[in-house]
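Worksheet: one structure, shown below.
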Amino acid sequence: MKNKKMQLGIGLALLLILGIIVLAVKMPKKETKKDSVSTDVAKVETTNSGEEVKVTEATNESTSSEAATTNGDASGQVENNNKPDENKVIDENQVPATEKVETNTVTNAKTEGGTPVANHGKLSVKGTNLVDKNGNPFQIKGVSTHGIQWFPEYVNKDAFKTIRDEWGANCIRLAMYTDESGYCNGGDKASIKQTVNDGVSYATDLGMYVIIDWHILHDLDPNKYKTEAISFFDEMSKKYKDYDNVIYEICNEPNGGTTWSQVKSYAEEVIPVIKANNPDAIIIVGTPTWSQDVDQAAKDPIKGYTNIMYTIHFYAATHKDDLRNKMSSAIASGLPIFCTEFGICDASGNGSIDKDSANKWIASMNDNNVSYCIWNLSNKNESSSLISSGCDKKSGWTESELSEEGKWYVDVLNGKATGVTASSSSTTTTNNNNNNNSSNNTSSSSAAVTASSANTSASLSSSNSWDEGGKKCYQYTLTVKNTGSSAVKNWKVSVDFGTGVSINNSWNGTFSASGNTVTVTPADFNNEIKAGSSVEVGFIIKANGAVSNPTVTIN
């Protein structure tokens, strides 16, 4: 009896051991599961982000040696490998719900229809306008960091996502100082460069545009560190040659008596280096006197290259009508301008705030389709900081945690700033919500609608239409010509569309909508039309019903 019990016990033990062995063989290894989840994430992001496939591959560097080779620099070193949040996935069931949403949803209500880059793609310069992949005028409305050697902690993906989704901006400018303990004078060059690369990576992952800013200031003349600039931009333009969202600003604010001739000479050595790696790159060139003398660049622009723009900077409490008029005149002469830095305080970056002047600047830039980035993303105790000095958060800021300038700018981006004209507010909302989903665009054109008076003619043509938010959007070009023998001033044209409309975007004029009618009057720079000359303005309307045959009237 004892022998039988012993035999039975041994048999049960053997069966138990065998079951454990079988279970162990069937269980997936932890490392294998990690690779499986990472691969699935890459597939999901590729499916939903369209043109951002390269970005997704770069994000999942840990999944294969091939990805590391593709996304490394010339030496094979993998960039952006300090993203623990993207490499920590072990088991799909362990991923928090919020992270799962982030993987499968690239936008929220602010970017309905896709991210800025997914919607508008690679930008270019046409005439004085920045235009998107469809050739439509496009405004960058972004945020500039402070010096990244002082405030690197604000270069993080969550901060950029807050700026995109909660504020409504579509671009980040990475201010890399060259002098003041910066890249060329005493700073940790490797660390600073890594911060730039991290910033580009985060912006790219989020489908935002990004400006790499060679931020000269106390070095006065960009030629001081020209050799370093050539080397830096050669490296950056090679690294990001296939990216649709990277823009190069090659000298922030020449000053201290530096002339346009000196700046132009510098630019003509740096530009070819970038263009050799990326012929289509957009390059922004600073102008003398802290990037205010756009008139000098307008008289002697850089020739032989496409996609070159010129910088204007302003601080609203200091710079008023004189500088705005200088900008408008330069644009009228054909100079493409980009405001890569501005604030609503005085030129020191501190002191009193002038919202009235700031609103006039926004209206003027919107009317002229000038892109802009506000200074600065930090909690430094000064008027131009966007974050309250008492707030230590690095993302997800509430309204109460923003500075006065920060609250104002969020209102501007959402069309709520008091004192900005209706056309400017509408432009702001449209450009930053990025609702012009290219997949819904339908190219269309119709015969021009014309009108004439004693010495003026007007011709209105439609070039595009698409559905947006249950309504129809139409894009128009209006050409006003002086057919007389003397100058025409203060011209005015009205267009009746036969249905209720609102202005969705506009450029090169002043626009208002009331009921069925849009009224167009000049901007400052095209108020006068010389005999035999013409001006061209453009706008996009959102209509309550279908538009077929609008009526044009010269008032």
Side-chain angles (χ1 to χ4, degrees), residues 125 128 144 147 173 175-180 182-185 211-234 247-275 281-315 318-343 346-349 368 370-373 375 525:
V125 180
T128 61
S144 176
R173 177 188 188 234
M176 191 190 79
Y177 277 71
T178 51
D179 200 62
E180 304 89 308
Y183 187 77
C184 300
N185 184 20
I211 299 171
I212 299 176
D213 166 34
W214 186 259
H215 200 90
I216 74 160
L217 188 61
H218 288 169
D219 25 350
L220 310 181
D221 183 346
N223 290 287
K224 179 176 181 179
Y225 296 121
K226 180 176 63 180
T227 301
E228 291 89 340
I230 289 172
S231 176
F232 175 81
F233 282 111
D234 183 36
I247 296 170
Y248 304 96
E249 183 177 2
I250 63 174
C251 51
N252 169 60
E253 287 184 354
N255 63 89
T258 301
T259 65
W260 171 243
S261 177
Q262 290 170 291
V263 176
K264 185 180 179 183
S265 173
Y266 162 85
E268 288 176 334
E269 292 193 57
V270 176
I271 289 172
V273 172
I274 298 173
K275 292 292 186 179
I282 293 176
I283 300 172
I284 307 172
V285 183
T287 56
T289 316
W290 296 278
S291 282
Q292 295 171 47
D293 292 342
V294 289
D295 55 329
Q296 295 181 21
K299 293 175 183 176
D300 184 23
I302 296 163
K303 297 179 180 179
Y305 303 97
T306 59
N307 294 334
I308 306 299
M309 304 189 80
Y310 300 83
T311 305
I312 191 167
H313 289 177
F314 71 86
Y315 283 83
T318 299
H319 306 118
K320 309 278 177 93
D321 288 341
D322 287 349
L323 187 55
R324 277 194 295 273
N325 292 337
K326 187 186 287 190
M327 177 185 74
S328 297
S329 296
I331 293 170
S333 70
L335 196 74
I337 290 177
F338 195 132
C339 178
T340 57
E341 179 183 320
F342 78 95
D346 65 39
S348 70
N368 287 286
V370 172
S371 294
Y372 47 81
C373 292
W375 180 268
F525 67 89

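Everything numeric in this text was worked out from a predicted model, so none of it was measured.
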Between [X] and [Y], is there a donor-acceptor pair closer than 3.5 Å when you use the side chain of the first and the backbone of the second?
| X | Y | answer |
| --- | --- | --- |
| Asn368 | Val370 | no |
| Ser333 | Ala330 | yes |
| Lys226 | Val270 | no |
| Gln296 | Asp293 | no |
| Thr128 | Leu335 | no |
| Tyr225 | Asp179 | no |
| Asn307 | Val125 | yes |
| Asp219 | Leu217 | yes |

How many angstroms lie between atom [atom1] of [X] and atom [atom2] of [Y], to the nearest 0.5 angstrom?
| X | Y | atom1 | atom2 | value |
| --- | --- | --- | --- | --- |
| His218 | Tyr177 | NE2 | OH | 8.0 Å |
| Tyr310 | Thr340 | OH | OG1 | 14.5 Å |
| Met176 | Cys184 | CE | SG | 6.5 Å |
| Glu180 | Ile216 | CD | CD1 | 10.0 Å |
| Phe232 | Trp214 | CZ | CH2 | 6.5 Å |

Reference residue Glu341; test side-chain hydrogen bond (donor to acceptor under 3.5 Å, both in side chains); the match among Trp375, Tyr315, Tyr372: Tyr315

Could you check if a side-chain atom of [X] sits within less than 4.5 angstrom of a side-chain atom of [Y], using non-hydrogen atoms only?
| X | Y | answer |
| --- | --- | --- |
| Leu323 | Ile312 | yes |
| Ile211 | Phe338 | yes |
| Cys373 | Cys339 | no |

Sorted by first residue and then second, give each side-chain hydrogen bond (donor to acceptor under 3.5 Å, both in side chains) pair with at least one member in residues 252-263; sequence neighbours left out. Arg173-Asn252, His215-Asn252, Asp221-Gln262, Glu253-His313, Thr259-Gln262

